[in-house]
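To keep things clear, I will list the structure first and then write my remarks on it.
As the structure is a prediction and not an experimental result, all values here were calculated from the model.
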Amino acid sequence: MRDLGRAHVESFLEMMSAERGAAVNTLQSYERDLDDIRSFLNGRSIRLTEAASTDLSAYLASLASQGFKPSSQARRLAAMRQFYKFLYAEGIRTDDPTGVLDAPKKGRPLPKTMGVEEVGRLLSQAQAEADDPAPGQLQRLRMLALLELLYATGMRVSELVSLPARVLDQEGRFLMIRGKGNKERLVPLSLSAIRALKSYGGLLAAENAAAKEPQESPWLFPAASKEGYLPRQVFARDLKNLAIRAGLTPSLISPHVMRHAFASHLLANGADLRVVQELLGHSDISTTQIYTHVLEERLQQLVQTHHPLAKQAKKHE
């Protein structure tokens, strides 16, 4: 009988693209992972569509023996789960062999983050530079707007640099962000972010109007790049340079670290985990739960401060 494994993989990828809006990078990752699984199973004379739980468990064990990190094993398991759920939904299989598989044990590292004081120093430096009317002020205002938006919303850097120019026409305290899978979410803006955005937009319009050949762009942060907007790598580089001027350690600061700071600072000040999940655009609450270390620290402080037994213990110290 002909092995239809590859054909089913292609059908699965088509479904992920058409129905779930999976990004090209995600689809390529799924394809590589499933091809690797299929190759392993072929070596055991087992078709991909007919693999049992023990076969897939053996595959994961082989990854561990080859030194693959738990995070890499977990990614392969996620690909398998999505694929076999698809086969089950399509009636190609009557069971899901991944249902009994356990995720590899891993100590998930806490994300690097910044303290409120460090963020304040970074924003103060950006504000001071943006206030300087010397040539190049538009780029300095752009950096301030980027930072204020990033810290106000916790956007992914790819979402931030690709914001549309129509954002400048919006009135109000909210911003609509188009995230992964083309899902939209509404996030509030701080007053300082609104001010920075207006200052940047005003000078951008003025300089464009004064140019000999005005360039209309659909992007909020236009640039001479393939995409037409500011490359995230350029923003990351400029952010590290700003950090140096602010007296901070550049290796500890990046757009992604500021996204972590946004989430951690919200939780530390009492925000609900579900609210933070929505603001970050996480589809699964488990992704957001990495920030619960902040909640745990806060709860410990609350208990030590307010619990009657803790108060008694302090009296006897």
Side-chain angles (χ1 to χ4, degrees), residues 109-163 167 173 175 177 187-204 220-221 223 229-271 275-276 279-281 288 290-298 300-301:
L110 296 176
K112 286 192 292 185
T113 189
M114 301 169 63
V116 175
E117 182 184 352
E118 292 173 307
V119 173
R121 285 172 62 182
L122 200 61
L123 289 172
S124 294
Q125 181 69 30
Q127 182 69 66
E129 294 182 4
D131 290 341
D132 184 356
Q137 187 179 23
L138 181 61
Q139 282 67 39
R140 296 190 292 275
L141 280 169
R142 182 183 70 182
M143 173 55 79
L144 178 62
L146 284 162
L147 283 184
E148 287 284 4
L149 284 171
L150 184 56
Y151 188 54
T153 66
M155 274 187 282
R156 299 177 179 91
V157 64
S158 57
E159 297 167 345
L160 175 64
V161 296
S162 62
L163 282 171
V167 165
R173 294 278 306 273
L175 184 66
I177 300 173
V187 296
L189 292 178
S190 64
L191 291 176
S192 58
I194 293 172
R195 285 195 298 269
L197 198 54
K198 286 184 176 179
S199 297
Y200 164 72
L203 189 56
L204 178 66
L220 177 60
F221 302 111
Y229 53 76
L230 180 69
R232 56 195 178 99
Q233 296 89 343
V234 173
F235 172 43
R237 180 200 65 199
D238 292 346
L239 177 58
K240 288 186 181 296
N241 289 334
L242 177 68
I244 292 171
R245 296 193 296 276
L248 300 172
T249 305
S251 61
L252 301 179
I253 295 170
S254 70
H256 202 58
V257 169
M258 286 202 68
R259 174 171 157 88
H260 290 319
F262 162 82
S264 296
H265 297 172
L266 279 181
L267 288 170
N269 284 281
V275 172
V276 176
L279 293 174
L280 291 174
T288 319
I290 193 170
Y291 298 105
T292 55
H293 72 285
V294 178
L295 280 176
E296 289 166 2
E297 290 174 5
R298 180 169 165 271
Q300 285 176 1
Q301 291 173 355

Subject >> V187 side chain reached by M155 side chain, heavy atoms, under 4.5 Å >> reply: no
Subject >> Sidechain-backbone polar pair: R232 side chain, S162 backbone, donor-acceptor under 3.5 Å >> reply: no
Subject >> Closest non-hydrogen atom pair, F221 against A145 >> reply: CE2-CB, 4.3 Å
Original post:
Can you check whether E148 reaches L123 side chain to side chain, under 4.5 Å on heavy atoms?
Top reply: yes
Original post:
Ignoring hydrogens and geometry, is there a side-chain-to-backbone donor-acceptor pair from K240 to I253 under 3.5 Å?
Top reply: yes
Original post:
Got a donor-acceptor contact below 3.5 angstrom from the R156 side chain to the G281 backbone?
Top reply: yes
Subject >> Q125 side chain reached by L242 side chain, heavy atoms, under 4.5 Å >> reply: yes
Original post:
Side chains of L149 and V167: closer than 4.5 Å at any heavy-atom pair?
Top reply: no
Subject >> L203 side, atom CG; R142 side, atom CZ - distance, nearest 0.5 Å >> reply: 12.0 Å
Original post:
Which atom names give the shortest non-hydrogen contact between Q127 and L144, and what distance separates them?
Top reply: OE1-CD2, 3.5 Å
**OP:** Side-chain contact test, heavy atoms from C-beta onward, threshold under 4.5 Å: evaluate it for T153 versus L189 and give yes or no.
**Re:** yes
**OP:** Give the C-alpha distance, both sets of side-chain angles, the deciding distance and a yes or no for side chain to side chain contact (heavy atoms under 4.5 Å, CB included) between R195 and S192.
**Re:** CA-CA 5 Å; R195 285 195 298 269; S192 58; 3.6 Å; yes
Original post:
Who are the side-chain contact (heavy atoms from CB on, under 4.5 Å) partners of V234, not counting sequence neighbours?
Top reply: L230, P231, R237, D238
Original post:
Taking C-beta and beyond as the side chain, do V119 and L147 meet within less than 4.5 Å on heavy atoms?
Top reply: no
Subject >> Main-chain N/O of P135 paired to R140 side chain as donor or acceptor, under 3.5 Å >> reply: yes
**OP:** Provide the closest heavy-atom pair for F235 versus L160 in the form atom of the first, atom of the second, distance.
**Re:** CE2-CD2, 3.7 Å
**OP:** Decide yes or no for I194 and R173: does some side-chain heavy atom of the first lie under 4.5 Å from some side-chain heavy atom of the second?
**Re:** yes
Original post:
In Å and rounded to the nearest 0.5 Å, what is the CG to CG distance from L239 to L150?
Top reply: 8.0 Å
Original post:
Does L220 offer a backbone N or O that forms a donor-acceptor pair with the side chain of Y200 under 3.5 Å?
Top reply: yes
**OP:** For residues M258 and P255, determine if any side-chain heavy atom of one lies less than 4.5 Å from a side-chain heavy atom of the other.
**Re:** no
**OP:** Would you name the heavy atoms of I244 and P250 that are closest together and state the gap between them?
**Re:** CG1-CG, 3.7 Å
